[in-house]
Structure formats: C-alpha cells, structure tokens
Amino acid sequence: MTDQTNALHFGYEKDSQGTMVVPIYMSTAYEFKNSEHAANLFNLKELGNIYTRLMNPTSAVFEKRFAQIEGGVAAIATASGMSAIFSTIVNLCESGDNILVASAVYGGTSTLTSHTIKRMGIEARTFDVSNGLNLEELIDKKTKLILFESLSNPSLSVADFDTIVEIANRYNIITVVDNTVATPVLCKPIELGCDIVVHSTSKYTGGQGLALGGIIVEGESCEAKIKNNPRYNHFNEPDESYHGLIYTQLPFPSFTMRILLCVLRDLGATPSPFNSWLMIQGLETLSLRIKEHSKNALKIAQFLDNHPKIKKVNYPLLQSDANYEKVVKYFKDGASGLLSFEVEDYDTAHKIADGTDIFSVVVNIGDSKSLIVHPASTTHQQLSKDELISAGISDSLVRLSIGLEDADDLIADLEKAIG
Ligand SMILES: *Cc1c(COP(=O)(O)O)cnc(C)c1O
C-alpha cells in the first residue's frame, strides 16, 4: 500500500458503531477487567490502556499511521515538537554524556541543546550538517546521539545523509533526524539509514496551524544499536524505577518502550486526544498539500532569484543552490515550502515583512496560509552573534513559509512589498 492510502486507512479498525472518523477518546483512564488484568498490564504480560499519560486509543491510531508512513516500527506522539526532541535526548543521555548537534537547527532546538540540557550536565557539540566534515573528531565514549534536521529550519541546508550515517554506524551511535520541514512525503530518513525520526507535527502534518504536537518514530535499525552496546547500558541493565525491567529483553522495540514506560511516565509530555485527532485529519492530505507547497515555493524562489533587489535566495531546488545535488539525491516530489532570502540590510528586511498583504508576520511554518518572518529579530533572537553565523542566519535574512494560495497572487504581493 502506498503512503497516501495508508494516510487514510492504516491503523484504524472501526468500532461496533462503524464510525468512519477515528473517534476522539477523551478519557483520562481506562477500566480494567479485574485486578489480575490490571496487574498484567502493569507488569507488561499484556499491553493495554492504563492511563492517558501513557497511551490513548486516538493517539494510538495517529502513532501507528505515522510510523507506517515514516517507515518505522513504532511511534510515540508527544505534546509538541520540542517535547519529542527533549524526550529523545533524555531517553538516551544522563549527566556527563554528550550529544552531537548540527549547527543549523531550529531556534528551540538550539537553545535546548546549548543551554537547557547543559545545566543538566549534557554537553552539545556542533557539526556542519551539510558535509559532516568535523563529525568524527567530536565522538567519544560518552557520545549518545547525533541530532540533525533533514532540511534545516530556517537556513535550508540539506543533510549529507550518507556521510553522517556512515560515521554513526561505524561508532554504533544513534542518529536522530528532525524531519519536520521535509515530511516523510519528501524525505524518508529511516530508508536512508537513520535510527530515530522526530517531528513537530504542529507544522505540515497538522497543516493548518491548528494545534501543537510532536512524534518520535523508531526505525528498525535502532534495536541492534542499543542491544549489548556499552554506550546504552541503561537499556541493557535492570531499571530500578521499573522493578528491574531490562528493556532490551522485552518483545517490543526498546527505545520506544523506554520512552513510554519511563520518559512519558515521569515527564508527562503527552498530547491531548483531541490534538491527536487533528493530526489524523492533517495526515490524510499531507502528501497532496506538501507537493503543492513545494511547487508554489519553487515558483516563488525562481521569481526572487531573478529580482534585482534580492541579493541571495536559499531554496534547495534552485540549481545555483549549494544543496541542489543533495536535494535531488535524497528528496522526491519537491523541497517543501520554506525559503529564505537576503536583502540589503535589517531595515529592508523589516520593511518587506511589513509591506505584504497576503503574508502574515508569524513565527510558525507549515501553515496552509503564507507566512513571513525576520529570524534575527524573532525566532533566533536568543542566539549569540556567533551562533547566528554558524546557523547561517544574517541580520538581513527573511524567511517565507509558502502556503497554498495561488502562487501568482503571492508573487504580486512580494513584488509590491519589495518595491
Ligand atoms: C517548530 C519546530 C520544532 C518545535 O516544534 P513545536 O511543535 O513548536 O514544539 C522543532 N523542529 C523544527 C524543525 C521545527 O520547525
């Protein structure tokens, strides 16, 4: 079955009412058949619903469907993209460990890794995602994961998957790919050899800017990397917090089981069933929408590229772009709806953002409506000058998230704002 068919049907068996739409199971907890059944669920003799912080039937449909489309073996939905990333880091790291993070990442990922987890004793070391050049020299025994974006927000670098995966596999380190901007329709990191995929589903998956959400997908390759690997001892030794449970001895994917039984249990970054339901609706049309976003974005990138007042346009599918070869190699059906461009200076960037009518000045991306933002004064304001440079963000950069309006209307709007 193709992704588009799975996006409409996979993982849902109709209830006795024949309900066509996946029901929203708003319930905090679930009744056990009897005390023995309850005990069996708690000691994992059976898997089943206990409490919505851990699992929910609406979220479960979303998780199964998304895992199938990403090509993974299991998935866990979270309250937001940031909680998906934080839960993943916490699942693998403790104080004294380090992680390798691409320097070009989403602003929240940048502050999380360079500041928040640093206070918890986890060090983030940065590398260049576009070529993976300095990656190997950063690795030591305490390196627990390599985190990068398939297509980075907002600098639009395409990851050099082959180089990064080869190094990660040689050292038996788990790769974590944030596939938010690309979506599994355009790029499939698990097929490219990666182990874990995370998303902010608040963006293209939801698709209309309706709700926050995140998801963590485990690829089949992850289990072999964890099992008997001294880097990941805590998966191979008894977990005191769960009666001495050893995750790698469970008949389920152990990365996902530990997220569920330990990280969600203790941190609780669970989505509302209503938000999971919204994500299920979004997923149905994701592949149709993202191809249209991509078509519109390419047309607008070409327009900007030919405009005398625009100094530089970043869009991977422009043949002049440094990422062109990689996007052709690793993506199909387009390069998503994000693009950025350089103008004369800071004030000109603000003038253009304020001069549009159709575009809204919004920090979000992946909405069906077109959005414009000046990253240096908003999403990336908290980064230092050096961090901005290594993230590829200048004072005069403007980011567009191209929506589903008519491309010619959007071009006319930009033409007027640029003046
Ligand atoms: C938005 C975003 C996030 C954070 O997701 P939230 O759902 O806003 O918490 C993480 N990564 C990327 C690439 C994003 O665009």
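No experiment lies behind these values; they were computed from the predicted model shown. One-based numbering, in listed order, for ligands and for the atoms of each. For the single chain, residues carry numbers from 1 onward in sequence order.
Atom-to-atom distance recorded for Ile174:CD1 and Glu218:CD is 8.0 Å, nearest 0.5 angstrom.
Geometrically, ligand 1 and Asn153 share a nitrogen or oxygen pair separated by less than 3.5 Å.
For Gly213, the heavy-atom gap to ligand 1 drops under 4.0 angstrom.
Taking atom 9 (O) of ligand 1 as the reference point, the nearest protein heavy-atom neighbour is Met82 N, 2.9 Å. The protein non-hydrogen atom at the shortest distance from atom 4 (C) of ligand 1 is Tyr106 CE2, 3.4 Å. Here the protein heavy atom with the shortest distance to atom 6 (P) of ligand 1 is Gly81 N, 3.3 Å. Here the protein heavy atom with the shortest distance to atom 7 (O) of ligand 1 is Ser202 OG, 2.6 Å. The nearest protein atom to atom 13 (C) of ligand 1, hydrogens excluded, is given as Asp178 OD2, 3.4 Å; this is a heavy-atom distance. Given atom 1 (C) of ligand 1, the protein heavy atom at minimum distance is Lys203 NZ, 1.4 Å.
Counting heavy atoms of neighbouring residues, nucleotides and ligands inside a 6.0 Å radius, atom CZ of Arg119 does not exceed 12 of them.
Residues Lys144 and Tyr232 are in side-chain contact: their nearest non-hydrogen atoms beyond the backbone lie under 4.5 Å apart.
Using the six-membered ring where Trp is involved, His307 and Phe303 have ring planes that are perpendicular, over 60° apart on the 30 and 60° scheme. A parallel orientation is assigned to the rings of Phe255 and Phe235, their planes being inclined by less than 30° (bins at 30° and 60°).
For the side-chain contact (heavy atoms from CB on, under 4.5 Å) with Pro273, the lone residue among Thr28, Ile24, Leu278 that qualifies is Ile24.
Using a 4.0 Å cut-off between charged side-chain N and carboxylate O, Glu123 and Arg125 make a salt bridge.
Those atoms of ligand 1 with a heavy atom of Ile365 less than 4.0 angstrom away are 15 (O).
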